[in-house]
Structures are given as C-alpha cells and as structure tokens.
Amino acid sequence: MSLTYTYIGHGTHALSVSGHRLLIDPFINGNPATTLTADDVQCDFILITHGHGDHVGDAVAIAQRTGAPCIANASICKWLEAKGAPKTQNLYFGGWQKFLFGRAKMTIAFHGSSLPDGTDGGNPGGYLIESNGKERIYFAGDTALFGDMALIGEEGLDLAVLPIGDHYTMGPDDALRAVKLLNPKHVVPTHYNTWPVVAQDGDAWGQRVTSETKSTPHVLLPGQSIDL
Ligand code: NI
Ligand code: MN
C-alpha cells in the first residue's frame, strides 16, 4: 500500500495514491488554515466537490500551471473551462470513472453549489476514490448527515474525511453519527477552526470517535499527513 493523506486545511486535501498526486478542493490563497500559496502546490489531478469559493478556490490557476485536469460535475467543469482550465473531466453521481490513480465515483452531498460569480454549480457532491491497490477513501465534501452514508460504508472504507465544523455542514454530533454509518478504518475531521463560525474541539471529537466507534481518528493540524 502506498497512500498518503495530507490535510492542507479547511476543506482542502492532498492525497498521494500509488505515486499520483491528487488535490481536493484547492482553496489555498486566502485560506486562513494554510501558509501555502497556490504557486507552491504540485498535483496531477484536481478534484472539486462543489462550487463554493472555499472549494473551487485556486483550481484554474493551479490547473494552468501544472496541466492537471479538473474533475468535477458538468456545471463546474463548464465554468472552469470558461475561466481557462486546460482540461476537465466531468463525473455524475454513482458512476465510477477510471483514472491513472485508480477510479473515482461522485457521491451525494446535501449542501449548496453556487460558484463564486453566482453561476449555478449544479449539485454538490463528495468523492469515493479507489486506488489501484483497492484502498478506498471517502471525501464527504460539505454536507449534512444523511442515512445513505451507510451505503457508502458498505463499500469498505480505509479512510473517511469528514466535515465537523457545524453551521455550514455536519457538526461534531452528526459527524460522529456519520462515522457509525460509514464505519471507516480511519477518519479525519476537517472543515473546522478556519473561522470562528466553525470553531470546534477536534481532539474532543477524536476522543469520542475512539470511545464510541470502531474507527481510528487522526486529528491533524493543517499541513500534517498520515500514511495508510
Ligand atoms: Ni460549501
Ligand atoms: Mn465549505
């Protein structure tokens, strides 16, 4: 197995799978949780869960510099192309698509998806990523709790990356219920402490995961990584 997850901060993540570098929701410039700039990051693929500015972020600039394709829903792909993204690949809910790193499937999310200029960004989503070595990683994106997380959990998850910030997404209580539905081997809390409105105690949440579920929590500071 060769899989490294890095919490860049807020809802921004990097995943290295079998030598391929994925960047998920590349909000770098203006992200209070990271000291990186959009010029620093290297990637081979950019995945976007929904249209909000704190998720689309610097996708176009990074795609132009690196040549990485942007993977998103069709509405967001169209918008990214209009803004100058060199390559896009759209996904629809429920269908696997193959990539060099393995395959990816867009999962449902309950949230909004308007793009920074007010354009409709289609439906918000999350991603289930399966490496060539069959490791499965679930990025929930921004979402409320939903019962069909149990179906995603049936896929067998090595890692789940969940929002716990409350206000815009699941808070700590619902994110704990999500862990019970998803039953991942490992779980990382995200999308919190970026701004006062999403202030949460990640360590306290991790302790609840340990005592109330079978999953192993990894409460990472921005910039920290785990190898699975
Ligand atoms: Ni959002
Ligand atoms: Mn967000």
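Residues take their numbers from the sequence shown, with the count starting at 1. Start at 1 and go down the list; that is how both ligands and their atoms are numbered.
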With D58 as partner, the option from N29, L23, T37, N31 fulfilling side-chain contact (heavy atoms from CB on, under 4.5 Å) is N29

Picking from V187, T216, I137, what satisfies side-chain contact (heavy atoms from CB on, under 4.5 Å) with L159?
-> I137

How about F110 and F146: are their ring centres within less than 6.0 Å of each other?
-> yes

Output field: ring centroids F27/H55 closer than 6.0 Å | no

Look at the N, O or S atoms of H55, main chain and side chain alike, and state whether any lies under 2.8 Å from the Ni ion (ligand 1).
-> no

Residue among L91, L22, L15, T107 satisfying side-chain contact (heavy atoms from CB on, under 4.5 Å) with Y127 | L91

Atom name of the N, O or S atom in H52 that lies nearest to the Ni ion (ligand 1) | ND1

Take the Mn ion (ligand 2) as the centre and count protein N, O or S atoms at distances under 2.8 Å.
-> 4

Would you call the rings of H186 and H218 parallel, tilted or perpendicular, where under 30° means parallel and over 60° means perpendicular?
-> tilted

Indicate whether the side chain of H13 and that of Y7 have a donor and an acceptor atom separated by less than 3.5 Å.
-> no

Taking the N/O/S atoms of D142 one by one, which is nearest to the Ni ion (ligand 1)?
-> OD2

